[in-house]
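Before any comments, here is the structure.
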Amino acid sequence: MVRIGAIVLNVSDTARAATFWSQALRYRRGANPDFLLPTEAAGPRLHLDATDRTHLDLWAADEEEQRAEVERLVSLGATRVEWDYPEGADFVVLADPDGNLFCVVNTGN
């Protein structure tokens, strides 16, 4: 079963946003300072990005689960999105019934 692994938040200044959101959520900065991690084990990561749209990253445990979850989500009303995937992409881009984009990420890579 997929879970919300990360929320990708479009920001204009990642350093300023990291300072604000790490304090607001009591998250800590990861090895990549644009990734904020919950101080407790539960909870999604916050990925600050100046170029990507705000969206959810749903995490699947492996490629098999990713495929099954993509099919399940499509059966629920999600649609596949035409996307220029990089070589070896570990994510699939879908849109919910309202057109909001989200990714299903294979975290087993």
Side-chain angles (χ1 to χ4, degrees):
M1 178 68 97
V2 291
R3 63 184 174 93
I4 298 174
I7 300 168
V8 180
L9 186 62
N10 178 267
V11 298
S12 61
D13 181 333
T14 58
R16 181 182 65 213
T19 298
F20 174 80
W21 285 110
S22 63
Q23 293 175 5
L25 299 174
R26 295 191 175 105
Y27 273 33
R28 62 182 171 80
R29 291 183 179 178
N32 176 334
D34 294 341
F35 288 92
L36 303 181
L37 310 172
T39 53
E40 299 175 13
R45 295 179 183 184
L46 184 61
H47 175 190
L48 306 170
D49 196 309
T51 60
D52 205 352
R53 295 181 187 190
T54 296
H55 67 276
L56 298 177
D57 280 348
L58 305 181
W59 288 2
D62 54 36
E63 188 175 347
E64 181 180 344
E65 181 179 71
Q66 179 189 40
R67 265 195 306 273
E69 287 297 318
V70 166
E71 293 308 316
R72 184 180 74 84
L73 293 164
V74 167
S75 77
L76 294 173
T79 55
R80 296 175 188 274
V81 174
E82 291 291 323
W83 201 262
D84 186 20
Y85 290 97
E87 187 175 329
D90 62 354
F91 63 95
V92 175
V93 181
L94 300 175
D96 72 10
D98 287 316
N100 299 300
L101 300 183
F102 63 97
C103 295
V104 180
V105 180
N106 170 6
T107 61
N109 281 349

**Item:** Residue pair N10 / A50: nearest heavy atoms and the distance that separates them
**Value:** ND2-O, 3.6 Å

**Prompt:** Between the side chain of Y85 and the main-chain N/O of V92, is any donor-acceptor distance below 3.5 Å?
**Reply:** no

**Message:** Does this structure show an ion pair linking R67 with E64, if we count only N-O contacts that are shorter than 4.0 Å?
**Reply:** no

Donor-acceptor list for residues 37-48 side chains, cut-off 3.5 Å, not counting sequence neighbours:
| unit_1 | atom_1 | unit_2 | atom_2 | d |
| --- | --- | --- | --- | --- |
| T39 | OG1 | R26 | O | 3.3 |

**Asked** If you draw a 6.0 Å radius around CD in E63, do more than 12 non-hydrogen atoms from other residues or ligands fall strictly inside?
**Response** no

**Item:** Cluster link L56 to V8, ILVMFWY, side chain under 4.5 Å
**Value:** no

**Asked** Just by distance, do the side chain of E65 and the backbone of V2 share a donor-acceptor pair under 3.5 Å?
**Response** no

**Item:** T14, L9, D49 screened by side-chain contact (heavy atoms from CB on, under 4.5 Å) with D34, the one that passes
**Value:** T14

**Fill in**
CG of D57 to CZ of F91, rounded to nearest 0.5 Å, is 9.0 Å

**Message:** Restricting to non-hydrogen atoms, name the atom on A95 and the atom on F102 that form the minimum distance, rounded to 0.1 Å.
**Reply:** C-CE2, 3.7 Å

**Request:** Can you see which heavy atom on V81 is nearest to which on L94, and at what distance?
**Result:** CG2-C, 3.6 Å

**Prompt:** Considering all heavy atoms of both residues, which atom of S75 and which atom of R72 are nearest to each other, and what is their separation?
**Reply:** OG-O, 2.6 Å

**Request:** To the nearest 0.5 Å, tell me how far R3 CZ sits from W59 CH2.
**Result:** 5.5 Å

**Prompt:** Can you tell me how far CZ of R80 sits from CG of L73, rounded to the nearest 0.5 angstrom?
**Reply:** 10.0 Å

**Prompt:** If you take all heavy atoms of L101 and W83, which pair is closest and at what distance?
**Reply:** CD1-CZ3, 3.9 Å

**Message:** Quick check: do L25 and L36 have side-chain heavy atoms less than 4.5 Å from each other?
**Reply:** no

**Complete:** Closest non-hydrogen atoms of A61 and N106, given as atom of the first, atom of the second and distance, are O-OD1, 4.1 Å

**Prompt:** Heavy-atom distance under 4.5 Å between the side chains of L58 and Q66, does that happen here?
**Reply:** no

**Item:** Side-chain touch V11/F20, heavy atoms, less than 4.5 angstrom
**Value:** no

